[in-house]
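Only one structure is covered here, and it is reproduced in the block below.
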Amino acid sequence: TLLPSCDNIAPNPSFETGTPGNHNVPGSWAFYGGTPAYIGVANDFFVDGTQSFKIQSSGNTDAGIYAQVTGLTPGQAISLSVYARTDANVVNANVVLDTTQHGLSGAKTQALHVGASNDSRVAIINFIVDISAVNIFIGLGSFGSNSGGTVWYDDVMLEQSATAGAYCP
């Protein structure tokens, strides 16, 4: 039996590199924003492997992690999918592709807002990169709309494709 090829270019996509605990950043990712009650690698929910990334805040926050992926071709289509689980208190969790921040000089941003009680994969498809790198942001609150609650992210999939495929590590 042939296994499907995996074209996932997201770093540490299931957050297995990193020790569970508050303020423990997953390998290949960096923190941004505030300091909510809990932000870090977690093992109380996961889809694949044994870990995920969790943000929990009783008050409003804008915080999360980002990773920068390089080696892309300007004009190329990419797609991002992420498993996002939110509790009933989340107003605004975000999954973002961006070429304008953290040293990048592009002009594109696309955000996907995830609300309360989500438990599924979410996707940004057919994002056309305007430079050779992109930032992936996943967080709680963002773009002037802070949020409280709890969100877990797992199985980040970044593909050089106009559509989002099934997750593979």
Side-chain angles (χ1 to χ4, degrees), residues 3-57 61-73 76-86 90 93-104 106 108-112 114 118-125 127 129 131-142 150-161 163-169:
L3 296 174
S5 65
C6 183
D7 295 321
N8 190 356
I9 59 173
N12 192 13
S14 192
F15 309 110
E16 300 305 311
T17 304
T19 304
N22 199 12
H23 299 286
N24 287 353
V25 65
S28 302
W29 294 77
F31 287 128
Y32 73 85
T35 54
Y38 188 97
I39 182 169
V41 177
N43 58 10
D44 57 343
F45 170 81
F46 51 86
V47 179
D48 285 303
T50 60
Q51 299 182 160
S52 63
F53 178 73
K54 176 182 178 180
I55 308 167
Q56 184 173 36
S57 182
T61 192
D62 177 0
I65 54 174
Y66 75 95
Q68 193 170 94
V69 177
T70 60
L72 302 173
T73 302
Q76 169 184 30
I78 61 173
S79 293
L80 173 69
S81 63
V82 180
Y83 198 96
R85 182 180 198 188
T86 60
V90 170
N94 280 282
V95 174
V96 179
L97 285 173
D98 172 87
T99 64
T100 69
Q101 300 180 59
H102 297 285
L104 298 185
K108 295 195 72 175
T109 299
Q110 186 171 345
L112 176 67
V114 182
N118 186 78
D119 197 5
S120 67
R121 290 195 74 72
V122 296
I124 296 173
I125 59 171
F127 181 90
V129 293
I131 59 173
S132 62
V134 67
N135 292 312
I136 303 167
F137 290 92
I138 56 177
L140 180 62
S142 197
T150 304
V151 60
W152 294 263
Y153 291 103
D154 201 7
D155 293 354
V156 179
M157 179 88 171
L158 183 65
E159 303 170 84
Q160 297 178 76
S161 170
T163 60
Y167 174 75
C168 61

Between [atom1] of [X] and [atom2] of [Y], what distance do you get to the nearest 0.5 Å?
X: Trp152; Y: Gln56; atom1: CH2; atom2: CD; answer: 7.0 Å
X: Thr35; Y: Ile55; atom1: OG1; atom2: CD1; answer: 12.0 Å
X: Gln68; Y: Thr99; atom1: CD; atom2: OG1; answer: 10.5 Å
X: Lys54; Y: Leu140; atom1: NZ; atom2: CG; answer: 12.0 Å
X: Asp98; Y: Tyr66; atom1: CG; atom2: OH; answer: 11.0 Å
X: Ile65; Y: Ile39; atom1: CD1; atom2: CD1; answer: 7.5 Å

Is a side-chain donor or acceptor of [X] paired with a backbone partner of [Y] at a separation under 3.5 angstrom?
X: Gln51; Y: Phe15; value: yes
X: Arg121; Y: Asp155; value: yes
X: Asn24; Y: Thr19; value: yes
X: Asn12; Y: Gly27; value: yes
X: Asp48; Y: Asp154; value: no
X: Thr61; Y: Gly34; value: no
X: Asn43; Y: Pro20; value: no
X: Ser79; Y: Glu159; value: no
X: Asn118; Y: Ala84; value: yes

For [X] and [Y], which heavy atoms make the closest approach, and how far apart are they?
X: Thr86; Y: Ala93; result: CG2-CB, 4.3 Å
X: Pro11; Y: Trp29; result: O-NE1, 3.0 Å
X: Ser142; Y: Asn94; result: CB-ND2, 3.2 Å

Just to verify, which of Ile9, Val129, Asn8 counts as forming a side chain to side chain contact (heavy atoms under 4.5 Å, CB included) with Gln160?
Ile9

Might you work through the side-chain contact (heavy atoms from CB on, under 4.5 Å) test for Leu158 and Val134, ending with a clear yes or no?
CA-CA 10 Å; Leu158 183 65; Val134 67; 4.2 Å; yes

Just say parallel, tilted or perpendicular for the rings of His23 and Phe31, cut-offs at 30° and 60°.
perpendicular

Under 3.5 Å, is there a donor on one side chain and an acceptor on the other for Thr50 and Glu16?
yes

Dump the intermediate steps for side-chain contact (heavy atoms from CB on, under 4.5 Å) on Tyr83 and Val122, then the final yes or no.
CA-CA 6 Å; Tyr83 198 96; Val122 296; over 6 Å; no

Could you please spell out the steps behind the side-chain contact (heavy atoms from CB on, under 4.5 Å) verdict for Thr109 and Phe137?
CA-CA 11 Å; Thr109 299; Phe137 290 92; over 6 Å; no

Stepwise side-chain contact (heavy atoms from CB on, under 4.5 Å) test for Val114 and Val151
CA-CA 10 Å; Val114 182; Val151 60; over 6 Å; no

Taking the six-membered ring of Phe127 as reference, does the NZ or CZ atom of Lys108 fall below 6.0 Å from its centre and within a 45° cone about the axis?
yes

